Amino acid sequence: MQVTVIGLGPMGQAMTAAYLDKGYDVTVWNRTPAKAAALVARGARLAPSVAAALRAGDLVVMSLTDYDAVHAILEQAPEALAGRTVANLTSDTPERARAEAEWIAAHGGVQLTGGVQTPPPGIGAPGAETYYSGDAAALETHRAALEVLTGIDYLGEDPGLAALYYQIGMDMFWTGLTGYLHGQALASAHGIPAERFLEQAVKTMNFEYFARFYAPRIDAGDHAGDVDNVTMAVASLEHVVHTAQAAGLDTGVPGAVLAAFRRAQAAGHGGDSLTRLTETLKG
Ligand code: NDP
């Protein structure tokens, strides 16, 4: 029932609060110590140094902006990493996650890489999950403490894997959400409020049918255009771009999608399924 949390952005704040709610003895450290004030008032202990924070207990949860921040902190006290499990719930590239895991291991610690899939209000609430990868034994040792934050989706021993899954998800999230925002800008340009289009947006943004239908075909390399095709996508996207242009919108986002499908068409794949893009986008 002891844990250290390093990093008190919105995520670290929510994580510390979840541990305090469950009665954990929580030590915190943050570059800007003032951010710990409300948590200290609730019973958290503010460590005077990184070394003291690392030495406070076996499990250290880190939630920082990126791995540069993680490293800037840990290199202040590498000797205090021996015997520690660092649950590094900071997002960055798989390569950075692997490099930091190696560096931590060289100082006698273990990194569990994590990719949190919920915004701060989801921490400690049912339903949220975090991708984890790295040392399975360390994960089992600290399972109960990690599950205070979210559920666990363990992917394997490679410390880069959780970061990779997280970035794949972020790739889908950012392009999907930008699609929503662009469509909503078009709606708004025509005086249609977001609340008015809400139910239509929720239905349109539900890609489950497509993901389930396409996944086995993508894995089989089967891009048969029996239900959709690239030429149809080009025509449809031209309509989108023209409609957006007529409303005075920036068309960079649908224009980039149109350009990708035109590339597939120019390469002779006009009759193939939309899944052909999984090959075209490889460059
Ligand atoms: P923030 O970017 O707000 O994290 C800020 C934390 O990083 C603060 O503790 C800040 O310290 C510290 N920090 C930044 N740079 C340095 C540095 N050079 N040296 C020391 N400390 C530094 O992020 P969040 O709290 O929102 O998120 C944390 C992680 O969780 C991120 O990797 C994010 O991608 C991931 N995540 C966030 C989600 C969200 O909705 N917020 C959702 C899912 C994942 P200081 O207070 O001193 O500035």
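Keep in mind it's a predicted model, so treat the numbers as computed, not measured. Quick note: residue numbers are just sequence positions, from 1. All ligand and atom numbering here is 1-based and tracks the order in the structure.
A salt bridge does not link Arg276 with Glu279: every distance from a Lys NZ or Arg NE/NH1/NH2 to an Asp or Glu carboxylate oxygen is 4.0 Å or more. Salt bridge annotation for Arg96-Glu100: absent, with no cationic side-chain nitrogen under 4.0 angstrom from a carboxylate oxygen. No salt bridge links Arg98 with Asp92; every basic N to acidic carboxylate O contact stays at or beyond 4.0 Å. Salt-bridge check for Glu147 with Lys22: failed, with every basic side-chain N at 4.0 Å or more from each acidic carboxylate O.
Nearest non-hydrogen protein atom to atom 47 (O) of ligand 1 is Thr32 OG1, 2.5 Å. The protein non-hydrogen atom at the shortest distance from atom 28 (C) of ligand 1 is Ser63 OG, 3.1 Å. The nearest protein atom to atom 38 (C) of ligand 1, hydrogens excluded, is given as Met11 CE, 3.5 Å; this is a heavy-atom distance. Looking at atom 14 (C) of ligand 1, its nearest protein heavy atom turns out to be Thr65 OG1, 3.2 Å. The protein heavy atom nearest to atom 33 (C) of ligand 1 is Ser91 OG, 3.7 Å. Protein heavy atom nearest atom 9 (O) of ligand 1, with residue, atom name and distance: Asn30 OD1, 2.6 Å. Among protein heavy atoms, atom 44 (C) of ligand 1 sits closest to Tyr166 OH, 3.3 Å.
Counting atoms of ligand 1 from 1 in the listed order, those under 4.0 Å from a heavy atom of Pro120 are 39 (C), 40 (O), 41 (N). Annotation for ligand 1: atoms under 4.0 Å from non-hydrogen atoms of Ile73 are 20 (C), 21 (N). Atom numbering of ligand 1 starts at 1 in the shown order; those under 4.0 Å from a heavy atom of Val116 are 43 (C), 44 (C). Atom numbering of ligand 1 starts at 1 in the shown order; those under 4.0 Å from a heavy atom of Gly7 are 9 (O). Residue contact check: Pro119 has heavy atoms under 4.0 Å from atoms 40 (O) of ligand 1.
For ligand 1, the polar-atom distance check finds an N/O of Pro10 within less than 3.5 Å of one of the ligand's N/O atoms.
Using a 4.5 Å cut-off on side-chain heavy atoms (C-beta onward), Met11 and Ile123 make contact. Under the 4.5 Å side-chain criterion, counting only non-hydrogen atoms from C-beta, Met15 is not in contact with Met62. Side-chain contact check for Leu74 versus Ile104: some heavy-atom pair is nearer than 4.5 Å.
Nearest heavy atoms, Ala18 versus Leu149: CB-CD2, 4.4 Å.
Residue contacts with ligand 1, taken as heavy atom pairs separated by less than 4.0 Å, do not involve Phe173 at all. Contacts between Lys35 and ligand 1, counted as non-hydrogen atom pairs separated by less than 4.0 Å, involve the side chain only.
Counting only non-hydrogen atoms, the option in Thr90, Ile123, Leu64, Asn88 that gets closest to atom 29 (C) of ligand 1 is Leu64. In the candidate list Ala69, Gly122, Gly169, Ala69 is nearest to atom 15 (N) of ligand 1, counting heavy atoms. Evaluated by nearest non-hydrogen atom to atom 13 (N) of ligand 1, the leading choice among Arg31, Gln13, Met170 is Arg31.
His223 and Ser273 are not linked by any side-chain donor-acceptor pair at a separation below 3.5 angstrom, with hydrogens and angles left out of the test. Side-chain contact check for Asp228 and Tyr214: at least one donor-acceptor pair (N or O, by modelled atom type) lies under 3.5 Å.
Relative orientation of the Trp103 and His107 rings is tilted, given thresholds of 30° and 60° on the angle between their planes.
Aromatic rings of Tyr132 and Tyr154 (six-membered ring for Trp) have centroids beyond the 6.0 Å cut-off, not under it.
Using a 4.0 angstrom heavy-atom cutoff, Leu89 counts as in contact with ligand 1. For the pair Thr118 and ligand 1, a heavy-atom separation below 4.0 Å is found.
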